[in-house]
Amino acid sequence: MARDLDRLIRGASLNGYVDLVKTLGVDPRPLLRKAGLSARLLQDPETLISSDAVREALNLAAQATGAEDFALRLAARRSLSNLGPISLVLREAATPREALDALCRYRKLLHASLLTRVEDDGDSTVIREDLLFSEGRPTRQSMELAVGVMFRILTELINPGWRPRKVCFTHAPPRDIAAHQAFFGRHVAFDQPFNGIVCAAADLLRPRGTPVPELARFARDYLESALQQRGSRASETCREVILALLPGGRCTADTVARHLRVDRRTLHRHLATEGLTFSALLDEVRREIAMRHLRGSNMPAAEVAHLLGFSALSGFSHWFRAHFGCSVTEWRKQATG
């Protein structure tokens with residue numbers, strides 16, 4: 001059951017999908033049926049649906065309509081109000097950064113397979129987005145929707161004319177990036193090491209007027225209760241730390257345990273209750289990252305090796321052959337072909 005919850009997402013994630021597909025001249029009903037969904041199911045924004053089905057529905061719509069920017073068109077219809085009770089907490093935050101931290105805290109109630117991390121880097125703040133891997137399902141549309149919605153939220157929290165310093169995607173660029181530049185601004189880059197948004201740290205510290213805590217208190221109590229009921233599995237928390245530490249080559253069980261403020265034996269014991277070991281989880285995350293970059297981007301193998309924490313390409317090549325049964329070049333040709 002816990003594993004199933006990792007793959008659920010609010011029906012509001014496809015808000016506007018039916019109307020958008022229709023305006024592009026396509027009947028949405030066959031697309032939804034093929035993805036295992038229905039228009040009636042999407043009428044209640046709080047209904048939990050499969051994130052894999054959402055990815056499939058987005059991919060099918062982009063293919064059927066010929067709109068490479070389908071996810072951005074859908075994101076353009078979003079606002080804070082689409083987040084349900086969380087929007088009340090965000091609106092009453094004193095600064096955009098406070099609102100962003102609250103969004104990260106309650107993120108799993110919106111989209112359990114989306115991982116969001118906020119990192120400070122000098123005078124910049126980096127908002128990274130990762131999707132739990134799903135074999136055989138392209139992530140381009142799902143990721144562009146996630147980053148697009150985050151951008152819409154930030155513009156509402158900061159100001160409508162706000163623009164980030166950079167927007168990054170790990171996948172290869174579309175045939176025409178004009179739609180992406182029109183949506184995000186000029187600084188959009190593809191084949192990058194991560195998906196997400198880089199913004200000026202000062203932009204997130206702007207006061208948002210006088211907050212009225214009473215308005216958000218009921219919503220926060222409700223969300224905390226829902227968060228406790230959902231729980232947090234050790235593997236989920238461990239996965240997020242692994243994703244953060246891998247590129248630096250510092251991802252050992254001891255290092256992860258220190259970040260989680262437990263000892264190594266406690267970490268192993270928590271993972272064992274889920275039938276996992278640290279090395280198995282580490283390899284799982286590495287496989288997901290490797291497949292995503294090698295299939296969806298033009299990033300050189302040496303750069304992929306660095307993202308997976310390997311100091312040399314030879315070590316990555318040896319690991320890759322052991323897990324995939326072929327060389328990086330052979331797998332990439334087969335996957336992209």
Side-chain angles (χ1 to χ4, degrees), residues 2-3 6 97 100-101 103-108 112-133 139 143 168 170 192-198 201 227 230-294 297 299-324 328:
R3 186 64 180 174
D6 287 349
R97 178 57 186 263
L100 187 59
D101 289 341
L103 181 61
C104 290
R105 175 168 178 78
Y106 301 121
R107 177 258 317 156
K108 69 166 62 177
S113 61
L114 178 65
L115 307 179
T116 303
R117 305 197 310 278
V118 181
E119 302 172 357
D120 293 314
D121 183 12
D123 65 349
S124 294
T125 296
V126 182
I127 305 165
R128 297 173 179 259
E129 305 266 42
D130 279 295
L131 287 168
L132 293 181
F133 187 73
T139 59
M143 185 53 72
C168 301
T170 61
Q192 298 298 298
F194 69 95
N195 296 291
I197 298 173
V198 182
L227 207 58
R230 179 68 64 91
S232 181
R233 299 184 305 123
S235 59
E236 177 186 338
T237 308
C238 189
R239 174 186 290 272
E240 295 192 34
V241 176
I242 289 174
L243 282 168
L245 295 179
L246 262 182
R250 312 182 309 277
C251 195
T252 65
D254 285 329
T255 308
V256 171
R258 283 199 300 274
H259 274 78
L260 296 177
R261 297 180 181 177
V262 298
D263 58 41
R264 180 173 177 169
R265 294 179 66 180
T266 301
L267 173 64
H268 285 308
R269 186 170 67 251
H270 287 324
L271 291 176
T273 62
E274 300 179 36
L276 289 170
T277 64
F278 177 80
S279 60
L281 186 59
L282 176 61
D283 279 335
E284 180 182 318
V285 174
R286 277 178 161 161
R287 284 195 299 269
E288 293 173 4
I289 297 173
M291 287 189 285
R292 182 174 299 171
H293 284 287
L294 294 175
S297 77
M299 186 176 290
E303 292 185 29
V304 178
H306 171 73
L307 292 177
L308 268 61
F310 291 97
S311 58
L313 179 59
S314 57
F316 170 55
S317 299
H318 178 76
W319 173 88
F320 191 92
R321 184 176 288 277
H323 285 275
F324 292 89
V328 173

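Owing to the predicted nature of the structure, the values given are computational and were not obtained by experimental measurement.
Between W319 and A290 the shortest heavy-atom distance is CZ3-CB, 4.5 Å. The minimum heavy-atom distance between H270 and A234, with the atom names listed, is CB-CB, 3.6 Å. Between V256 and C251, the shortest heavy-atom contact is CG2-SG, 4.1 Å. Closest heavy-atom contact between F194 and R128: CB-NH1, 3.3 Å. The minimum heavy-atom distance between L267 and A253, with the atom names listed, is CD2-O, 3.7 Å.
Interatomic distance, NE2 of H268 versus OG of S279, reported as 8.0 Å (0.5 Å rounding). Rounded to the nearest 0.5 Å, atoms CZ (R239) and CD (E288) are 4.5 Å apart. Atoms CG and CD1, on L100 and I127 in that order, are 4.5 Å from each other to the nearest 0.5 Å. Going from atom OG1 of T252 over to atom CZ of R264 covers 7.5 Å, rounded to the nearest 0.5 Å. Annotation: the span from C238 atom SG to L281 atom CG amounts to 5.0 Å, rounded to 0.5 Å. With rounding to the nearest 0.5 Å, the separation of CG in L307 from NE2 in H293 is 5.0 Å.
Side chains of Q192 and T170: a donor-acceptor N/O pair is absent below 3.5 angstrom, by distance only. In this structure, a donor-acceptor pair under 3.5 Å is present between the side chains of T266 and D263.
For R286 and F310, the positive end sits near the middle of the six-membered ring, less than 6.0 Å away and at most 45° from its axis.
With contacts defined as side-chain heavy-atom distances shorter than 4.5 Å, the pair F316/H306 does not qualify. T255 has its side chain out of reach of V241: every pair of non-hydrogen atoms, C-beta onward, lies at least 4.5 Å apart.
Checked options R107, E240, E129; the residue passing with T116 is E129 (criterion: side chain to side chain donor-acceptor pair (under 3.5 Å)).
Under the 4.0 Å criterion applied to side-chain N and carboxylate O atoms, D101 and R97 are assigned as salt-bridge partners.
By the neighbour-count criterion of 12 heavy atoms within 6.0 Å, atom NE2 of H318 is sparsely surrounded, having that number or fewer from other residues, nucleotides or ligands.
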